[in-house]
Amino acid sequence: MTSQSHMDAQRRDPIHIVPYDPNWPAAFEEQRSRVESALRPWLVGPVEHIGSTSVPGLAAKPIIDMLARIPDHQTGDIIEAMSGVGWAYAPEPGDEPARKWSFCFPGIGWRTHHLHSFEAAPENWQSLLTFRDHLRTHPDDATEYGRIKTALATADAHDRPRYRAGKAPFIEGLLHHLDPSGDRPHRNG
């Protein structure tokens, strides 16, 4: 079993796209304070609400994606600190090259929140905020992104690699349109 299929096998929540829930910002805030408290010794900037649940009106998986920036990916004791506030360490295959840590709350199998903790260099995380901010101000693009995600989830609610790969052309195309020079990271949320 590959690292990716092992990680996906641990996640039991199906890929289910639901209409925007106006309670998502409050759910983010509830965990933001806990995460900021746990990561206080390492945080560089605020914890951000990212991903589809951070875009008003956008259909999404009901999982709150969060971004934290730390000075160095090799910083110790982060796993222990996050565990202390009820978050599970959830390593993903791309974490090491992306210089990041991944955590889920309340657990990996059935999560309501997913924290992406990146090393603070902008090339590691900036595209997540660029994509979010664009969708917040361009409802037609947000609607199209929601349509793509819904179609992918409907086709197979358990094939996470297919779902991620299916979203990638839209995300990469939009990011390329926003920065045609190609001087931006190739991460997606």
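Side chains included, hydrogens not; waters and symmetry mates left out as well; all remaining heavy atoms used.
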S.K.: Compare every heavy atom of P14 with every heavy atom of H158, then report the nearest pair and how far apart it is.
M.R.: CE1-CB, 3.7 Å
S.K.: Examine distances only and state if a side-chain atom of R111 and a backbone atom of C104 form a donor-acceptor pair shorter than 3.5 Å.
M.R.: no
S.K.: Do H114 and I64 come close enough that some side-chain heavy atom pair is under 4.5 Å?
M.R.: no
S.K.: How about I17 and K61: do any of their side-chain heavy atoms sit closer than 4.5 Å?
M.R.: yes
S.K.: Where the side chain of T143 meets the backbone of P139, is there a donor-acceptor pair that is under 3.5 Å apart?
M.R.: yes
S.K.: Any side-chain heavy atom of V47 within less than 4.5 Å of one from L39?
M.R.: no
S.K.: Please report the shortest heavy-atom distance between S117 and I70, naming the atom on each side.
M.R.: OG-CG2, 3.7 Å
S.K.: How long is the straight-line distance from CD1 of I15 back to CG of D159, given to the nearest 0.5 Å?
M.R.: 7.0 Å
S.K.: State which residue, out of S52, S54, S127, fulfils the side-chain contact (heavy atoms from CB on, under 4.5 Å) condition with R132.
M.R.: S54
S.K.: Under 4.5 Å between any side-chain heavy atoms of E30 and H113, yes or no?
M.R.: no
S.K.: CG of D95 to CZ of F118: how many Å apart, nearest 0.5 Å?
M.R.: 8.0 Å
S.K.: Among E92, R69, E48, K100, which one satisfies side chain to side chain donor-acceptor pair (under 3.5 Å) with H116?
M.R.: K100
S.K.: In the structure I gave you, are the side-chain heavy atoms of M66 and F28 within less than 4.5 Å of one another anywhere?
M.R.: yes
S.K.: Can you tell me how the ring of F105 sits relative to the ring of W87, calling it parallel under 30°, perpendicular over 60° and tilted otherwise?
M.R.: tilted
S.K.: Would you compute the distance between atom CG of L115 and atom CG of L67 and round it to the nearest 0.5 angstrom?
M.R.: 8.0 Å
S.K.: Can you give me the closest heavy-atom contact between T137 and D133, atom names plus distance?
M.R.: OG1-O, 3.2 Å
S.K.: Linking I/L/V/M/F/W/Y whenever their side-chain heavy atoms sit closer than 4.5 Å, directly or via other members, would I63 and V35 fall into one cluster?
M.R.: no
S.K.: Enter the distance from W125:CH2 to E119:CD here, rounded to the nearest 0.5 Å.
M.R.: 12.5 Å
S.K.: Are Y89 and V85 grouped together when hydrophobic residues (ILVMFWY) are joined by side-chain heavy atoms under 4.5 angstrom apart?
M.R.: yes
S.K.: How long is the span from the NE2 atom in H134 to the CG atom in L178, to the nearest 0.5 Å?
M.R.: 5.5 Å
S.K.: Looking at R162 and L152, what are the two nearest heavy atoms and their distance?
M.R.: NH1-O, 3.7 Å
S.K.: Could you tell me whether the side chain of Y145 reaches within less than 4.5 Å of the side chain of I171, counting heavy atoms only?
M.R.: yes
S.K.: Is there a side-chain contact between L129 and I50 in this structure, where contact means two heavy atoms from C-beta onward sitting under 4.5 Å apart?
M.R.: yes
S.K.: Anything under 30° is parallel, anything over 60° is perpendicular, the rest tilted; go ahead and classify Y20 against W24.
M.R.: perpendicular
S.K.: Show the nearest heavy-atom pair for residues L58 and L135, with the distance to one decimal.
M.R.: CD2-CD1, 4.2 Å
S.K.: Indicate the atoms forming the closest heavy-atom contact of G86 with R34, along with that distance.
M.R.: N-NH2, 4.1 Å
S.K.: Over 60° means perpendicular and under 30° means parallel, so tell me whether F131 and F170 are parallel, tilted or perpendicular.
M.R.: perpendicular
S.K.: Heavy atoms, side chains only, cut-off 4.5 Å: are I79 and F103 in contact?
M.R.: yes
